[in-house]
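As structure tokens, the structure follows; a few thoughts come after it.
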Amino acid sequence: MNSRLAAVGAKLDAPLLITNLTNVLYLTGFESSNAALLVEPGGEATLYTDFRYIESARAIDGVHVELLKRAIISDLAGKLPSSVQFEADALPYAQWQALAEHSGDLVPARGIVEGVRAIKDEDEVAKLRHACEVADRGLDALTREQWTGRTERELAWRLRELLHEAGADELSFDSIVASGPNGALPHAHPTDRIVERGTLVTVDWGVRIDGYYSDCTRAYSTGDLPDRLREAYDVCLEAQQRACDNIKAGLTGVQADALARDPITDAGFGAEFGHGLGHGVGLEVHETPRLSTESTDTLEVGQAVTIEPGIYIEGLGGVRIEDLGIVRADGVELLTALPKTLTEVS
Ligand code: ZN
Ligand code: ZN
């Protein structure tokens, strides 16, 4: 058994049926669209899949492999131990019903694998770092081009090309390019709006390489800004820097969030920062832990987290500044490296 299975096995007091395919991938290296994994306390594991994937499943080291029908979960009914935990966030109700009909105790469990997954080993950190470097290179190339006069959609498409040229396997998500008043929408989709002079353009983008994602945001000016937008940028940057300088292992997600939220609130922009400070990143763009006013997580050494305060002013524009870093005992090591001082694009 590998160290990841051992780590999950050590947390179990009853077998755990894993149906989250990203968790299956993380624990076994097995990538498929139809699989389940039963992990026993101690870490012994059985991998279930159908005929299409059985050959690649049998090549996986350190797990037992069993061939099931295409409807894996129904086929598993009656074959499981008498008491089994299942992933409450990853078992659809209809499948739970099929399983429950012929099974003993089904006990909902949450966050067991995600908690292990949140802590990255150095091989994973290297993959995250590489993804961040490629993402930085792609955006850096875009900042050398003309932005004003082009539409948000054109810039997003050009960024996609540059990211692939830089080495991306795919994008983490559709890039956000939000100019002028569109910058006030945290999850704006690029539109046909032409980027004008004298405003901010927020770009949120990332790439996936070797299964690992990057996530970064920068905002650029296109010339002299309205005073309130300039102030928002300065407040956001100072808050983001404060969080980068002070986040470390042992803080709660709520305390980390407050590092950036307090100065933004003190500057009068509290209502304009309506989302959490950040989230974990790894095999998914959004994973454990959460940094927000509602978080129940505590930061641990080796977690990969984003730090991304934003200020969104309806009708005028907005700014978000986001870095991705690794939580260390005495600080956070940033993997994203593009400058954050307000930079003008042409
Ligand atoms: Zn982002
Ligand atoms: Zn993010």
Side-chain angles (χ1 to χ4, degrees), residues 22 114 117-118 120 124-125 127-129 131-140 142-143 152 155-156 159-160 162-163 166 168 170-179 182-190 200-209 212-220 233 236-237 239-241 243-244 247 253 256-257 259-261 264 273-295 297 299 303-312 317-327 332-340:
T22 309
E114 286 82 352
R117 241 177 73 188
K120 273 64 185 178
E124 293 179 289
V125 171
K127 286 178 175 167
L128 288 167
R129 179 177 285 116
C132 289
E133 284 167 357
V134 166
D136 279 1
R137 275 211 300 281
L139 194 84
D140 186 53
L142 188 66
T143 60
E152 295 169 351
L155 288 167
L159 178 58
R160 176 184 284 265
L162 291 166
L163 291 169
E170 58 183 285
L171 301 193
S172 298
F173 45 83
D174 288 337
S175 307
I176 293 172
V177 177
S179 70
N182 291 344
L185 308 167
H187 276 173
H189 290 285
L200 284 174
V201 186
T202 300
V203 184
D204 188 345
W205 80 105
V207 302
R208 182 180 190 237
I209 304 177
Y212 284 79
Y213 290 92
S214 76
D215 188 6
C216 185
T217 308
R218 290 291 184 268
Y220 295 89
Y233 189 95
C236 184
L237 175 57
Q240 203 267 353
Q241 196 57 53
C244 291
I247 284 178
D257 178 90
L259 286 169
R261 190 168 306 279
I264 289 175
F273 175 23
H275 57 72
L277 180 65
H279 54 84
V281 180
L283 290 169
E284 290 178 293
V285 187
H286 296 101
E287 53 177 57
T288 305
R290 301 280 161 177
L291 285 60
S292 78
T293 55
E294 288 150 46
S295 172
D297 299 318
L299 297 182
Q303 290 177 336
V305 297
T306 66
I307 300 166
E308 51 178 308
I311 296 175
Y312 311 94
V319 47
R320 179 169 61 257
I321 301 170
E322 173 178 27
D323 282 313
L324 173 57
I326 305 297
V327 177
V332 56
E333 179 195 350
L334 296 186
L335 305 180
T336 42
L338 288 175
K340 292 183 274 194

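Each ligand, and each atom within it, is numbered from 1 in the order the structure gives.
For H275 and Y312, the gap between ring centers is short of 6.0 Å.
Of the possible donor and acceptor atoms, none in the side chain of R320 sits under 3.5 Å from a partner among the backbone N and O of T217.
With sequence neighbours excluded, the residues satisfying side-chain contact (heavy atoms from CB on, under 4.5 Å) with E114 are N20, N23, E87, T288.
Inspection of the environment of the Zn ion (ligand 2) yields the following protein N, O or S atoms under 2.8 Å: D215 OD2, H279 NE2, E308 OE2, E322 OE2.
Between the side chains of D323 and T336, at least one donor N or O lies within less than 3.5 Å of an accepting N or O. In summary, the side chains of E308 and H279 do present a donor paired with an acceptor at a separation below 3.5 Å, with no hydrogens or angles considered.
Put simply, the residue from V203, D204, L185, N182 that forms a side chain to side chain contact (heavy atoms under 4.5 Å, CB included) with I176 is D204.
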